[in-house]
Amino acid sequence: MKVYKDFIRQAVDEDLASGRFDHVHTRFPPEPNGYLHIGHAKAICISFSIAKEYGGKCNLRFDDTNPSKEEREFVDSIVEDVRWLGFEWQGPFFASDYFERLYELAEQLITKGSAYVCDLTPDEVRVYRGTLTEQGKNSPYRDRSVEENLDLFRRMRAGEFPDGSRTLRAKIDMASSNINMRDPVMYRILHREHHRQGDKWCIYPSYDWAHGLEDSIEGITHSLCSLEFEDHRPLYDWFIDELGVYHPRQIEFARLNMTFTVMSKRILRALVESGLVEGWDDPRMPTLCGLRRRGYTSDSIREFCDKIGVSKADSIVDIALLEHCIRTELNLSAKRLMAVMHPIKLIIDNYPEGQIEWLDAVDNPEDENSSTHKIPFSRELFIERDDFTANPPKNYFRLSPGAEVRLKHAYYVTCTGYKTDVAGEVTEVHCDYDPESRGGGTPDGRRVKGTLHFVEANNAMPCRIRLYDRLFTRANMIELEPGKEVNDYFNADSLELIDALAEPELASLPIGGRIQLLRHGYFIVDKDSEGDFKVLNMTVSLKDTWAKIQQKGG
RNA sequence: UGGGGUGUCGGCAAGCGGUAAGCCAACGGGUUUUGGUCCCGUCAUUCGGAGGUUCGAAUCCUUCCACCCCAGCCA
């Protein structure tokens, strides 16, 4: 059998075959300045899975080279999220632990005449850099002696100069067509406290200078990152070659985009700070903590990452694929329960008053050996408002005058009438039941087209249901319409709160328990639940072909 | 108008000179004590366009077009 391998795995195969490397060691290097989202999950799955498949290891490394943006809180949440995803890492490591080594290497580069201290201001640096079409020009400080550079650099470290007054730059080529090679900054002066180093440093390495060396120090073989670093690869290679240290291979892939949502940390942060969502773990957010609270499993997210593949083409994955992954899993594992969201009373006139029966309900019909639980049944029930209509449209299988339906796990009932209030709203539905149909089948084997869920009136458990919809109203949030901004597409109906009634079994569910609410969707018991009063977050709805038919009809 | 990339079904994505996988979506039909699940079927004569090489091209060559990324002392 031929196993398909994406271009990265093909490259790894080649490297192993050619002897460039004799093992595989990857890394996932988040900057601790925000929460992980599903786009990171893609990157995590790629690096960790490849390492695992080749019998190698994967490091979790925090790229904490910028003290003004990084926080401890994010380190903790990232660790938690990667662990939740189910991967085992080496470490965690911190780029900041290599600061001393990086500093030594910088002095080496200076000694070699390949780096210099530059006194240009940020504005001047920009001017000297040139533009995309015009080459830059050399800094007037480019030809300082090694001794002067070493002295200045040491004094930079010693804190003698203010922020922004000087930088250490690589001496490469100001005429390069690749702007990244035009004497990039290696160190900037930042008198800022570092979350792990405290006030030990006042110069901090830049990404380009640090990243390849972090990989080199850790013995990484394949440094997998996203497309925007393709332009930086020549620089990644240059530093390593110039220093003559171990040389990992950087390979770039396209980052994940998904319909109806955004992956931008900036925008996500704005949603949180503006209060449009309730936090980083709001179940509408594409963050891993948000998806977790929404009820997504780590398995389903890994399955999703596997299904979307890896390539270098910019793309936007249909969020329906993510939903498909979680539905597939939960269909097999979630216990079925009944709850009515928009109740209307159903009275069974020929059922003995005061009688209550406890019927058996299968927990999961997908499982042959499924356990069961008891559900109450009596003369008064609640059914879904949508499950009754006085004027049934074509192909309406539910209750309407004269129609017979099955009450799930219980009895067949035939509608005998209904009452309305002064406004004409239906207030209660009446029916007769067939005592022979106990359990939901009849001796004569007659069929009914509709099966409704219900809740017994006296044992109904109030609960709070949170229905979620897509975060934004536009599928492609990368290209917006002229004059519009992200917030214009925020889906104001993305959260709907419902006070529902559920069967008593709901009380037995722990926080984090996942269920299917029959004919509605999959839900998870939220931590906001208090005792028997459960708060349920909708993970994803069930497919609804009836709704689809209705939409088409008008 | 510099450099680096990418263009295969509505959305992802295989294909690596031998005659277009798969998944999601969509659409038919069957089964069904969830209008769920499951099952069956339909869904690119065509691979950004145009030339060329070849018995044969999505795959090689030429050329054109479109889109993405880069001018932070962010990563």
Side-chain angles (χ1 to χ4, degrees), chain A residues 2 4-6 10 29-31 33 63 65-66 68-69 118 120-122 125-127 129-136 163-169 176-182 184-190 203-204 206-208 210-211 225-234 252 254 259 265 306-325 327-328 331-332 336 338 361-362 365-366 395-398 406-410 412 437 439-441 447-453 475 478-479 516-521 541-549:
Chain A
K2 206 166 168 183
Y4 152 65
K5 291 197 176 181
D6 57 65
Q10 286 177 26
E31 182 188 12
N33 72 342
D63 211 357
T65 55
N66 187 343
S68 45
K69 293 168 59 180
C118 180
L120 255 23
T121 65
V125 168
R126 191 181 336 114
V127 172
R129 184 160 35 229
T131 67
L132 294 178
T133 52
E134 301 162 51
Q135 62 183 53
D163 285 5
S165 59
R166 281 177 229 262
T167 55
L168 180 72
R169 296 226 261 162
S176 174
S177 51
N178 181 345
I179 287 186
N180 297 304
M181 301 298 272
R182 318 236 265 229
V185 168
M186 294 167 59
Y187 277 94
R188 68 279 213 187
I189 300 174
L190 244 29
I203 57 172
Y204 289 93
S206 62
Y207 170 85
D208 284 313
H211 202 87
C225 61
S226 46
L227 251 30
E228 67 267 32
F229 294 104
E230 230 161 354
D231 284 348
H232 296 247
R233 195 171 64 231
E252 313 83 10
T259 55
K265 263 182 208 172
D306 197 51
K307 275 186 168 5
I308 58 177
V310 187
S311 77
K312 298 186 70 157
D314 291 319
S315 60
I316 304 179
V317 175
D318 194 337
I319 198 167
L321 182 57
L322 213 212
E323 296 175 340
H324 167 261
C325 291
R327 278 197 192 102
T328 303
N331 173 53
L332 296 176
R336 270 63 166 173
M338 297 198 284
V362 173
E366 298 301 314
N395 289 326
Y396 187 81
F397 300 158
R398 281 105 102 141
R406 171 170 39 236
L407 293 177
K408 181 78 176 175
H409 299 132
Y412 282 17
S437 63
R447 306 279 183 143
V448 288
K449 283 206 165 168
T451 298
L452 313 186
H453 62 277
I478 293 171
E479 299 168 26
Q516 180 193 104
L517 248 28
L518 230 57
R519 302 212 295 142
H520 285 304
S541 68
L542 249 26
K543 284 191 189 166
D544 189 347
T545 59
W546 173 239
K548 205 180 276 177
I549 291 167

Under 4.0 Å between a side-chain N or O of [X] and OP1 or OP2 of [N]?
| X | N | answer |
| --- | --- | --- |
| K543(A) | A25(B) | yes |
| H324(A) | C24(B) | yes |
| T259(A) | G11(B) | no |
| K307(A) | A13(B) | no |
| Q10(A) | G15(B) | yes |
| R327(A) | C24(B) | no |

Do any N or O atoms from the side chain of [X] and from the backbone of [Y] form a donor-acceptor pair under 3.5 angstrom?
| X | Y | result |
| --- | --- | --- |
| R327(A) | S541(A) | yes |
| T167(A) | R169(A) | no |
| D318(A) | T259(A) | no |

Euclidean distance for P, G15(B) against C9(B) (whole angstrom):
16 Å

Tell me the partner of [N], counting only Watson-Crick (N1-N3 plus N6-O4 or O6-N4) or G-U wobble (N1-O2 and O6-N3) with both under 3.5 Å; none if nothing fits.
| N | value |
| --- | --- |
| C23(B) | G11(B) |
| U59(B) | none |
| C47(B) | none |
| G36(B) | none |

Whole-Å distance separating the [atom1] atom of [X] from the [atom2] atom of [N]:
| X | N | atom1 | atom2 | result |
| --- | --- | --- | --- | --- |
| I549(A) | G29(B) | CD1 | P | 10 Å |
| K408(A) | U32(B) | NZ | P | 13 Å |
| E366(A) | C38(B) | CD | P | 7 Å |
| L322(A) | G11(B) | CG | P | 19 Å |
| L518(A) | U37(B) | CG | C1' | 12 Å |
| Y4(A) | A13(B) | OH | C1' | 7 Å |
| N395(A) | G28(B) | CG | P | 12 Å |
| I316(A) | G11(B) | CD1 | C1' | 9 Å |

So, do C225(A) and E230(A) sit near enough that their side-chain heavy atoms are less than 4.5 Å apart?
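Side chain of C225(A) against side chain of E230(A), heavy atoms only: no contact under 4.5 Å found.
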
Is any side-chain heavy atom of I189(A) closer than 4.5 Å to a side-chain heavy atom of R166(A)?
yes

How would you label the contact of [X] with the nucleic acid (heavy atoms, under 4.0 Å): base, sugar-phosphate, or nothing?
| X | result |
| --- | --- |
| E252(A) | nothing |
| V310(A) | sugar-phosphate |
| K449(A) | nothing |
| Y412(A) | nothing |

Where do V362(A) and H409(A) come nearest, in terms of heavy atoms and distance?
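Heavy atoms only, the tightest pair is N-NE2, 3.6 Å.
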
Hey, which sits more toward the 5' end of RNA chain B by its nearest nucleotide, I308(A) or E134(A)?
E134(A)

F397(A) vs A320(A), nearer the 5' end of RNA chain B by closest nucleotide:
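That would be A320(A).
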
Chi angles and distances behind the side-chain contact (heavy atoms from CB on, under 4.5 Å) call for D314(A), L227(A):
CA-CA 9 Å; D314(A) 291 319; L227(A) 251 30; 4.1 Å; yes

Ring pair (Phe, Tyr, Trp, His ring centres under 6.0 Å), that's the test. Do H520(A) and H453(A) meet it? Break it down for me.
CA-CA 10 Å; H520(A) 285 304; H453(A) 62 277; 4.9 Å; yes

Please name all residues satisfying ring pair (Phe, Tyr, Trp, His ring centres under 6.0 Å) with H324(A), sequence neighbours left out, ordered by chain then number.
none

Atom pairs under 3.5 Å: protein N/O with N/O of nucleotides 70-75 of chain B:
residue : atom : partner : partner atom : Å
A71(B)  : O3'  : R129(A) : NH2          : 3.3
A71(B)  : O2'  : R129(A) : NE           : 3.1
G72(B)  : OP2  : R129(A) : NH2          : 3.0
C73(B)  : OP1  : R129(A) : NH2          : 3.4
C73(B)  : OP2  : R129(A) : NH1          : 3.1
C73(B)  : N3   : G164(A) : O            : 3.2
C73(B)  : N4   : L120(A) : O            : 2.8
C73(B)  : N4   : P122(A) : N            : 3.3
C73(B)  : N4   : G164(A) : O            : 2.8
C74(B)  : OP2  : R188(A) : NE           : 3.1
C74(B)  : OP2  : R188(A) : NH2          : 2.9
C74(B)  : O3'  : R188(A) : NH2          : 3.2
C74(B)  : O2'  : N66(A)  : ND2          : 3.4
C74(B)  : O2'  : K69(A)  : NZ           : 2.7
A75(B)  : OP1  : T65(A)  : OG1          : 2.7
A75(B)  : OP1  : R188(A) : NH1          : 3.2
A75(B)  : OP1  : R188(A) : NH2          : 3.0
A75(B)  : OP2  : Y207(A) : N            : 2.9
A75(B)  : O3'  : D63(A)  : OD2          : 2.9
A75(B)  : N6   : H232(A) : NE2          : 3.3

